[in-house]
2 protein chains.
Amino acid sequence: MRDTIQTLLAGDLPRCALCQIKSIGICANSGEEELSWLEDAKLYRRYCAGSMITFAGDRLDYVGSIMTGIASIGGTREDGRRQTYGVLMPGDFLGRPGRAISSFDIEAITDIELCGFKPAVFDNLLDKAPQLHARMLEMTLDELDAARAWMLMLGRKTAREKLCSLLVYLLDRQMRLDETQTTPLLRLPLTRERIGDFLALTLETVSRQFSALKRDGIIQDLERHAVSIPDPARLRQEAGTDPFHAR
Amino acid sequence: MRDTIQTLLAGDLPRCALCQIKSIGICANSGEEELSWLEDAKLYRRYCAGSMITFAGDRLDYVGSIMTGIASIGGTREDGRRQTYGVLMPGDFLGRPGRAISSFDIEAITDIELCGFKPAVFDNLLDKAPQLHARMLEMTLDELDAARAWMLMLGRKTAREKLCSLLVYLLDRQMRLDETQTTPLLRLPLTRERIGDFLALTLETVSRQFSALKRDGIIQDLERHAVSIPDPARLRQEAGTDPFHAR
DNA sequence: CGAGACGTTGAAGGTCTTCAAAAGCGGTGG
DNA sequence: CCACCGCTTTTGAAGACCTTCAACGTCTCG
């Protein structure tokens with residue numbers, strides 16, 4: 001088995017100028033001076049698909065942004081009931097400045113590459129780099145909006161609307177990352193159970209709704225980890241009004 | 001009928017040093033210099049119980065903190081289904097810096113006094129006042145945590161657990177505001193319908209759960225706008241593990 | 001007092017969950 | 001290669017929980 005975690009040090013790392021997420025990440029606002037500080041301090045990390053990046057309650061020894069791959073952020077109750085709060089995709093930030101202990105479980109869904117910092121180093125950077133600080137606030141406010149839109153979904157949508165909302169969300173984010181894509185193929189790295197954690201449904205209900213959407217022609221070629229969406233507009237309609245918009 | 005909105009200008013206003021929320025509000029971190037800037041720019045506003053402070057989509061002409069009273073923040077779908085995202089209490093901030101349009105409905109539940117600023121003025125203050133900016137980030141991160149805890153509740157709790165969770169939350173916040181209080185009396189400014197919006201339940205279910213909690217002795221002296229909680233620990237237990245903690 | 005808003009309670013019904021069984025998929029080892 | 005195992009997915013049937021619809025009770029304020 002491969003190592004689940006691997007850390008790479010600055011010096012060996014590619015320059016920020018070549019970074020895929022430089023226009024959407026935490027560093028998007030920073031000018032040359034701030035970027036050079038970040039460049040000097042950055043550490044890369046890799047996690048294998050399926051490994052836990054943090055458990056709720058753990059001490060965090062690293063904060064940073066996803067460069068490639070997908071992670072989920074969620075919580076577990078003592079009786080085992082789980083809720084996923086969101087999907088973390090390239091550009092998203094992971095970890096909370098000014099707090100040493102994670103409040104959430106974060107799991108690598110696919111293999112993941114992170115670009116980040118030791119928490120103390122990052123806190124210092126935030127203090128002396130106003131553009132970084134402003135971007136951090138902006139991203140946090142966006143996340144809060146997304147969390148609230150998600151709440152409306154959890155509370156007030158039917159199972160079918162929920163699943164369609166998730167598909168719309170994943171499709172939007174996939175399109176944003178790969179703008180050249182025109183085929184209606186949506187990758188689904190999540191299992192039915194994880195989708196259920198996400199939407200507050202059981203895996204059986206998720207499966208049944210997939211079958212129903214297929215029967216109604218809203219999705220096609222349903223496979224385990226992919227599905228094609230012949231008519232995204234139709235899917236959006238099925239998601240109900242105001243599906244939670246991508247950030 | 002009284003005016004629903006009333007604005008008071010700086011100069012006539014009490015000094016920040018006397019403010020009830022100075023240790024928990026947006027200004028809590030600021031030193032003397034920053035405070036004097038805030039003091040010069042602040043405007044008070046009053047809203048009557050029941051009036052809308054903003055509708056989703058409205059242009060915001062004011063951002064600020066609640067000094068007294070309670071407001072709710074929520075969204076409405078086109079079919080009329082509503083979801084409340086949170087209660088805003090003294091110290092909480094209302095409005096989003098850097099964005100002119102409100103994403104949410106905000107309604108005054110009781111009479112409200114706000115201390116705030118014109119949006120452009122506040123954005124300028126954020127730029128030049130690092131302690132204010134840092135406090136803004138901290139409060140936003142806290143709100144994000146609260147929103148996620150709320151999501152777990154919406155998705156994974158039964159009606160009884162939901163109602164108990166809300167009562168625990170309101171009790172905690174009431175205790176925090178008035179630390180001298182020892183009686184187990186909880187004020188409930190919300191109607192059954194608003195509680196339902198909050199918990200994603202119908203008003204009938206809320207009412208039935210209140211009756212059930214009374215029958216089981218977990219609450220007593222149930223009235224329209226107040227209830228007594230003889231044993232808060234018991235209530236907390238009924239709320240299920242990990243009720244969403246007050247900020 | 002009377003009107004209107006808010007709250008309670010009952011009965012019927014729908015949606016989602018729970019429990020259960022079987023099929024599909026992917027990897028391992030004989 | 002194929003049988004076997006574990007894990008995921010699908011599908012069915014029964015039942016729980018919450019909603020919907022409806023009626024009635026209660027409070028408040030002009």
Side-chain angles (χ1 to χ4, degrees), chain A residues 1-2 48-50 77 79-83 107 109-110 153-167 187-216 219 221-227 238 240, chain B residues 1-2 48-51 72 77 79-83 107 109-110 153-167 187-216 219 221-227 238 240:
Chain A
M1 183 175 177
R2 293 175 293 172
C48 283
R77 294 181 51 186
D79 60 4
R81 282 186 278 181
R82 273 188 306 191
Q83 177 67 51
E107 182 181 350
I109 293 179
T110 63
M153 191 209 67
L154 284 177
R156 298 295 186 197
K157 288 196 175 182
T158 63
R160 168 185 270 243
E161 288 173 323
K162 283 179 175 180
L163 182 55
C164 290
S165 296
L166 180 64
L167 296 179
R187 273 166 286 130
L188 274 179
L190 305 157
T191 64
R192 301 292 183 263
E193 187 178 14
R194 294 223 150 276
I195 294 173
D197 292 342
F198 230 114
L199 303 176
L201 299 171
T202 59
L203 66 93
E204 294 95 330
T205 300
V206 172
S207 180
R208 271 186 259 271
Q209 294 302 327
F210 265 122
S211 300
L213 291 177
K214 185 172 150 193
R215 173 171 43 70
D216 298 345
I219 60 177
D221 313 317
L222 179 60
E223 289 172 31
R224 216 168 253 224
H225 292 306
V227 66
E238 289 285 342
Chain B
M1 183 175 176
R2 293 175 295 171
C48 283
S51 60
S72 73
R77 293 181 51 188
D79 60 5
R81 283 186 277 180
R82 274 189 305 192
Q83 177 66 51
E107 182 181 349
I109 293 178
T110 62
M153 190 210 66
L154 284 177
R156 297 294 186 196
K157 288 195 175 183
T158 63
R160 168 186 270 243
E161 289 173 323
K162 283 178 175 181
L163 182 54
C164 291
S165 296
L166 180 63
L167 296 179
R187 271 165 288 131
L188 274 181
L190 305 157
T191 64
R192 300 292 183 261
E193 187 178 13
R194 295 226 149 272
I195 293 173
D197 291 342
F198 229 101
L199 302 176
L201 298 171
T202 58
L203 66 93
E204 294 94 331
T205 300
V206 172
S207 179
R208 271 185 261 270
Q209 293 303 327
F210 266 122
S211 300
L213 291 177
K214 185 171 151 193
R215 173 172 42 70
D216 298 345
I219 60 177
D221 313 317
L222 179 60
E223 291 172 30
R224 215 169 255 226
H225 292 306
V227 65
E238 289 285 341

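Residue numbers begin at 1 in each chain, while the letters A, B, ... track the order of the sequences. In this text, all values refer to a predicted model and were calculated from it rather than measured experimentally.
No engagement by B/Ala212 is indicated, since no non-hydrogen atom pair under 4.0 Å with the nucleic acid exists. Backbone-only contact: B/Thr191 has heavy atoms under 4.0 Å from sugar-phosphate atoms and none from a base. Counting any heavy atom pair closer than 4.0 Å across all strands shown, B/Leu203 reaches a base atom. Here B/Leu190 lies out of heavy-atom contact (under 4.0 Å) with every strand.
Out of D/dC18, C/dC16, D/dT10, the shortest distance to the side chain of B/Gln209 is found at D/dC18. Taking every side-chain heavy atom of A/Thr202 into account, C/dT17 is the closest of C/dT9, D/dT20, C/dT17. Of the listed nucleotides (C/dC16, D/dT9, D/dC27), D/dC27 has the atom at the smallest distance from the side chain of B/Arg224. Across D/dT10, C/dT18, D/dT19, the shortest atom-to-atom separation from the side chain of A/Ser207 is found for D/dT10.
Dashed line: the shortest gap from a side-chain N or O of A/Arg208 to OP1 or OP2 of D/dT11 is not under 4.0 Å. Taking side-chain N and O atoms only, A/Thr205 has a distance below 4.0 Å to OP1 or OP2 of C/dT17.
Separating the CG atom of A/Leu222 from the P atom of C/dG24 is a distance of 15 Å, rounded to the nearest angstrom. Between the C1' atom of D/dC17 and the NZ atom of B/Lys162 lies a distance of 11 Å, rounded to the nearest Å. Going from atom CZ of A/Phe210 over to atom C1' of D/dT11 covers 16 Å, rounded to whole Å. Rounded to an integer number of Å, the gap from CZ of A/Arg156 to P of C/dT15 is 16 Å. In this structure, the CD atom of A/Glu193 is 7 Å from the P atom of D/dT8, given to the nearest Å. We find that CG of A/Leu154 is positioned 19 Å from P of C/dT15, with the value rounded to whole Å. Atom C1' of nucleotide D/dT19 and atom CZ of B/Arg160 are separated by 19 Å, given to the nearest angstrom. One atom, CG of A/Leu199, and another, P of C/dT17, lie 10 Å apart when rounded to the nearest Å.
Judged by distance alone, with hydrogens and angles left aside, the side-chain atoms of B/Glu161 form no donor-acceptor pair with the main-chain N or O of B/Glu238 at under 3.5 Å. No side-chain donor-acceptor contact under 3.5 Å links B/Glu107 to the backbone of B/Ser51. With A/Ser207 contributing its side chain and A/Leu203 its backbone, the two residues share no donor-acceptor pair below 3.5 Å.
Counting atom types as modelled, B/Glu204 pairs a side-chain N or O with a base atom of D/dC21 as donor and acceptor under 3.5 Å.
A salt bridge links A/Glu193 to A/Arg82: at least one charged side-chain nitrogen sits closer than 4.0 Å to a carboxylate oxygen.
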Exercise for review: In sequence, state the C-alpha distance, the side-chain angles, and the governing distance for A/Gln209 and A/Lys162, and then conclude on side-chain contact (heavy atoms from CB on, under 4.5 Å).
Suggested key: CA-CA 10 Å; A/Gln209 294 302 327; A/Lys162 283 179 175 180; over 6 Å; no
